[in-house]
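The chains referred to below are lettered A, B, ... by the order of the sequence lines, with proteins before strands, and numbering in each begins at 1.
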Amino acid sequence: MVGYLGGGPLVEGLLKVGSCLEARAGVSVELFLKLVERAPREEYGDFGFPLLRFVRADSIEGVVGSVASCLGGSVDYLSLDVVKGFLNIRFNEVKLGGVVIDLTANGWAPGIARVGDGEVKTIVVEHTSANPVHPLHMGHARNSSLGDTLARMLKARGHRVVRRFYVNDMGRQVAVLTLGFKILGLTPQYVASRLKAKIDHAVGWVYALTHTTIDLVLARKGAIEENVESLASTIARLREKDVELADMIIENVMKLEDPEAELSRIMSRYEAGLEPERSIVRSVAGKVIEGFKETLEKLGVEFDYWDWESDVVWSGLLSSTLEKLKGSRYIVKHKDALALDVARVAKEVVEPSGELSQTIRLPRGFEIPPMILARSDGTTLYWTRDIAYSLYKFESSKADMVVNVIAGEQRLPQLQIRLALLALGRVREAVNMIHYDYEMVRLPGRVMRGRRGEYVSLDEIVEDAEARALQEVLKRNPGLGVEEARIIAGKVAVGAIRFSLVQPGALKPIVFDVEKVLNFEENTGPYLQYTYARAHNILEKHGPIDFSLADPRAYGDSLRRALLIQTLTYPLVAAKAADELRPEDLASYLLKLADTFNRWYQRDSVIHEQDMGAREAKAILVKLVRDVLSSGLGVLGVPVLERM
RNA sequence: GGGCCCGUAGCUCAGCCAGGACUAGAGCACCGGCCUUCGGAGCCGGAGGUCCCGGGUUCAAAUCCCGGCGGGCCCGCCA
C-alpha cells in the first residue's frame with residue numbers, strides 16, 4: 001500500500017480502520033481508501049464505506065464488531081456503526097479536536113500526505129511543448145496549467161519531479177517559418193521592433209503569412225484542398241500589419257515553383273546541421289522560446305529542461321535508437337519505407353498479457369496502422385524522434401515514470417510510441433509512460449489555427465484578465481495605491497485563468513469564453529483567494545493563538561465540527577488527487593471547503609467571542625482553513641493573497 | 001467505413017472508473033432578502049432536471065452492457 005505520512009489524526013484514524021478491515025474482512029486498505037467517502041447526511045456519521053459489497057448482510061454486524069475490537073484502544077476519537085449496509089465512521093469532535101490542538105501547538109499543519117520513504121519516485125512531467133512558431137494561445141494554457149499542476153501535486157506528494165519542455169524544431173512548421181525568415185533576411189528582433197510586437201507574436205505573424213501564402217500556391221496547383229479566396233483574404237488581413245515586409249514574403253513565396261520541395265530541402269539541411277538553416281532556426285525558435293518563458297512566468301509555470309528535438313538527432317540518440325529498432329523482428333517495409341508493424345506488437349506482446357493491455361490502452365477491434373520510421377529518402381519522422389526522446393526522458397533523469405501532457409488528438413501516435421518501446425523490449429518504460437490526455441480548448445464555432453494567425457494569445461488573455469481584475473480591486477479597495485493594486489490584480493488574473501483551466505475534468509471539451517475566465521465569483525480561483533485573504537485577516541486581527549486556552553468542546557457546534565472534519569480530510573484528498581493525477585478533485589474539494597468556511601464565519605465571530613476557550617479553538621479552525629487553502633492553492637498554482 | 005472522447009437545470013460543470021444512504025449536487029444567469037461587516041469577490045431564501053434516446057443486466061442503474069442519436073478528435077512517407 002502507498003503511504004500517507006503526515007496525514008494528521010483524522011487520516012491516521014481512517015488508515016487504522018482500513019488496516020483492521022483488511023485484517024478482519026479481507027478488504028485491502030487501498031480499496032477501503034478508494035471507496036470510503038464523506039457520509040451524505042450527518043446522522044450517518046462522518047465517513048461511510050459500502051461494506052455490503054464485500055460482506056454478506058447477515059454477517060455485517062459481526063465483522064464491524066471484529067473491526068472495532070481490532071482497533072481496541074488505539075484510536076479513542078472515532079467510533080463505528082452500521083447503517084443500511086454501510087460501515088459508518090464517526091469522529092468524536094471533542095477528542096479529535098483535543099489531539100489537533102496539541103498537534104497545531106507543536107507546529108503541525110495539514111498538507112498533502114507524503115508517500116513512504118521507499119515509495120519516492122522520480123517522475124518526469126513533459127508538458128506544453130508548443131511548436132516554437134507562434135505565441136502560446138489558450139489551447140496551450142490548458143496544457144501548461146494541467147502539466148504544471150500535476151508536477152506541483154506530485155512534488156508535494158513527496159516525489160522527485162523533473163519538468164521538461166520538448167522544443168519541436170525539426171518539423172515542417174519550423175521549416176515554413178525558416179523559409180519566411182530566409183526570404184526576409186532579417187532578425188526576429190528587428191521584425192518585432194518594426195511591428196511593435198512581443199517577439200513571439202512577431203514571429204507568429206511571419207509564420208502565418210508564409211504558411212498561408214505557401215498554401216495559396218499549393219491550392220492553386222490543386223495540391224491541397226483549400227479555398228483559394230479564403231486563403232487570399234487571410235493573406236490580405238495579415239498583410240495590413242506591415243505591407244512592406246508582407247510583400248517581400250508573399251512575392252518570394254509566389255515565385256517558388258515547388259514550395260514543398262523547398263521545405264523538404266530546409267528540413268533535411270537542418271537535420272544535417274547545415275548553415276544558414278541551423279542559425280536561422282536556432283535564433284528564431286530561440287526567440288520564440290524566450291517569448292514563451294515570459295508568458296509562462298506570468299502564470300507561474302517553470303521548466304527544469306528545454307529539450308531540443310534537433311539535439312536528439314545531433315547527439316546520435318536518434319540513430320542509435322533507429323539501429324536498435326532495425327534489429328527488431330517487427331520491422332517491415334511499408335510501400336518502400338522503413339516501418340514498424342505495431343499491430344503485430346499489439347497482437348503478440350500486449351494482448352496475451354491482461355496487465356499490459358490495460359496499461360497500454362489498446363482500442364478494441366481497431367486496425368493500428370504501421371508506424372513509418374523513415375521516409376524513403378531516409379529522413380525521419382517526428383514520432384521516430386519521439387521514440388528516442390521517450391527513452392531519453394527515462395534515462396537522463398533515471399525516471400520511474402514519465403507523464404506526457406499531450407492533447408487527446410495524439411492518442412494514436414502516443415499509443416504507437418508505447419508499442420514501439422515494447423518492440424524494443426522496453427516493457428518498464430512502455431508501462432510507465434503515461435499519456436495524460438486532455439481535450440483541446442476551442443473557440444466558439446471554430447478551432448484556433450496558428451498557421452492562419454487565428455488564435456487568442458495567452459498574453460492577450462492575461463492582459464484582459466489583469467485589466468478586469470484591476471477594475472475590481474480598485475472598486476473594492478479605493479484606498480489602495482495603483483502599484484499595489486496592479487500586483488494584486490496580476491495575481492487575481494493568474495488565479496482566475498489557471499483555476500478555470502484545471503477545474504473541469506481534463507477530458508471535458510472546453511469552449512473558450514472570455515467572460516467565464518474573467519468571472520471572479522463563486523467557483524473560481526479568485527473566490528478561493530478571497531476566502532484565503534479573509535481567513536488570513538481574521539487571524540491577523542486575532543493575534544497569536546494561545547493554544548493552552550483552546551477548548552475542544554467548542555467543536556460541538558455543527559458548522560465548526562464540519563469545518564474541523566473537512567480541513568483534516570485534506571491530506572488524504574490531496575494525496576489521492578496526486579496519485580490519480582486528478583487536479584480537478586483537489587479543486588472541487590477546495591471550493592467546498594471555502595463554502596463551508598464562508599457560511600460559518602459570517603455567523604460565528606472569532607474575535608468577538610467572549611469565551612476564551614471557544615475563541616482560541618475557533619482561531620485554530622481558521623488557521624486550519626488558511627493552511628489548507630495555502631497548500632491547495634499552492635499546488636494548483638493559484639497565488640495566495642493577504643489583501644485583494 | 002473504423003476507433004477514441006464528451007453528452008446531467010437556460011448556460012458552465014460535479015457525481016460515472018470502484019452500481020446502493022441520490023428525494024441527482026454546485027456555480028453563472030433569473031427572482032426575493034442581508035448595506036447594524038472579524039473586508040459584500042460574501043451570506044440567507046426561491047425558482048429551475050425526460051441524468052441524450054431505446055433496450056438489457058441487477059433486489060437496486062446518472063453509474064455496468066448492447067444498439068442508436070448529437071458534438072469533437074484521430075485513422076498521412078504532417079507536427
Side-chain angles (χ1 to χ4, degrees), chain A residues 31 34-35 37 39-41 43-44 48 50 52-53 83-86 88 131 133 168 170-175 309 334-339 361-369 372-383 386 407-413 415 437-440 442 447 469 472-473 475-477 492 496 500 503-511 513 515-516 519-531 533-535 537-542 580 584-585 587-588 591-592 594-595 597-609 618-619 622 643-644:
Chain A
L31 196 53
K34 263 185 185 172
L35 297 180
E37 57 183 14
R41 292 186 210 172
E43 69 248 39
Y44 294 142
L52 197 52
R53 282 190 212 171
V83 186
K84 298 189 185 179
F86 276 76
N88 285 336
N131 283 310
V133 294
N168 305 109
M170 301 213 60
R172 197 186 117 102
Q173 300 197 47
V174 167
E309 188 178 12
H334 183 75
K335 299 180 196 162
D336 277 349
L338 186 71
R361 289 206 298 183
L362 284 184
R364 293 173 303 182
F366 173 61
E367 195 90 2
I368 304 164
I372 309 283
L373 297 174
R375 299 185 180 93
S376 16
D377 68 5
T379 55
T380 54
L381 291 106
Y382 100 97
W383 47 74
D386 218 356
E409 62 181 2
Q410 295 206 42
R411 280 174 193 122
L412 178 60
L415 169 69
D437 52 340
Y438 65 93
E439 290 303 318
M440 294 196 294
R442 288 199 309 280
V447 289
E472 294 287 319
V473 172
K475 193 173 86 196
R476 291 164 211 270
N477 300 283
V492 170
S500 74
Q503 186 203 7
L507 295 177
K508 291 278 180 180
I510 293 183
V511 175
D513 177 358
E515 284 309 312
K516 221 193 140 192
N519 163 30
F520 301 146
E521 290 175 321
E522 240 172 291
N523 268 1
T524 67
Y527 169 69
L528 293 175
Q529 292 173 308
Y530 177 74
T531 306
R534 294 300 304 270
N537 286 319
I538 291 172
L539 287 174
E540 284 285 290
K541 286 236 162 71
H542 173 276
E580 292 166 20
E584 65 270 28
D585 290 353
S588 35
L591 288 172
K592 269 189 200 136
D595 288 344
F597 178 70
N598 284 317
R599 237 182 304 143
W600 169 67
Y601 80 77
Q602 307 221 8
R603 62 172 76 156
D604 188 12
S605 179
V606 175
I607 68 173
H608 296 137
E609 172 66 62
K618 290 202 276 186
V622 178
R643 309 179 61 180
M644 60 187 286

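- Between the side chain of A:Asn131 and the backbone N or O of A:Gln173 there is no donor-acceptor pair closer than 3.5 Å.
- Look at the C1' atom in both B:G20 and B:G15: the space between them is 14 Å, to the nearest Å.
- Across all strands, A:Val133 comes closer than 4.0 Å to no nucleic acid atom at all (heavy-atom distances).
- B:A62 and B:U23 have their C1' atoms separated by 15 Å, given to the nearest Å.
- Among the heavy atoms of the strands lying under 4.0 Å from A:Phe520 is at least one base atom, whether or not backbone atoms are also near.
- Residue-level contact check: A:Ser605 touches the bases, meaning some heavy atom is under 4.0 Å from a base atom.
- When heavy atoms are screened at a 4.0 angstrom cut-off, A:Pro50 is found touching no nucleic acid atom at all.
- Of the candidate nucleotides B:C5, B:A79, B:C77, B:C5 has the atom nearest to the side chain of A:Arg411.
- Nucleic acid contact class of A:Leu507 (heavy atoms, under 4.0 Å, all strands): sugar-phosphate only.
- A:Phe597 places its CZ atom 20 Å from the C1' atom of B:A26, with the value rounded to the nearest Å.
- A:Val83 comes within 4.0 angstrom of no nucleic acid atom, judged by non-hydrogen atoms across all strands.
- As judged by a 4.0 angstrom heavy-atom cut-off over every strand, A:Arg361 is placed among residues making no nucleic acid contact.
- Heavy atoms of A:Asp437 sit nowhere under 4.0 angstrom from any nucleic acid atom.
- A:Leu381 and A:Arg375 get closest at one heavy-atom pair: CD1-N, 3.9 Å.
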Practice task
Determine, stepwise, if the pair A:Asp595 / A:Tyr527 fulfils side-chain hydrogen bond (donor to acceptor under 3.5 Å, both in side chains).
Solution key: CA-CA 10 Å; A:Asp595 288 344; A:Tyr527 169 69; 2.6 Å; yes
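- A:Asp604 comes within contact range of at least one nucleobase, with a heavy-atom separation under 4.0 Å.
- Among the atoms of the strands shown, none is found under 4.0 Å from any heavy atom of A:Met440.
- For the pair A:Lys516 and A:Asn477, both in contact range of RNA chain B, the more 5′-proximal nearest nucleotide belongs to A:Lys516.
- The distance from atom CD of A:Glu580 to atom P of B:C16 is 10 Å, rounded to the nearest whole Å.
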Practice task
Begin from the C-alpha positions of A:Lys508 and A:Glu439 and carry the test salt bridge (charged side-chain N to carboxylate O under 4.0 Å, His left out) through to its verdict.
Solution key: CA-CA 6 Å; A:Lys508 291 278 180 180; A:Glu439 290 303 318; over 6 Å; no
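- Along RNA chain B, the nucleotide closest to A:Leu35 and the one closest to A:Asn537 are compared, and the more 5′ of them pairs with A:Leu35.
- Using a 4.0 Å heavy-atom cutoff across all strands shown, A:Arg534 reaches at least one base atom of the nucleic acid.
- Note on A:Gly48: a base of the nucleic acid sits closer than 4.0 angstrom, heavy atoms only.
- Nucleic acid contact class of A:Ala533 (heavy atoms, under 4.0 Å, all strands): base.
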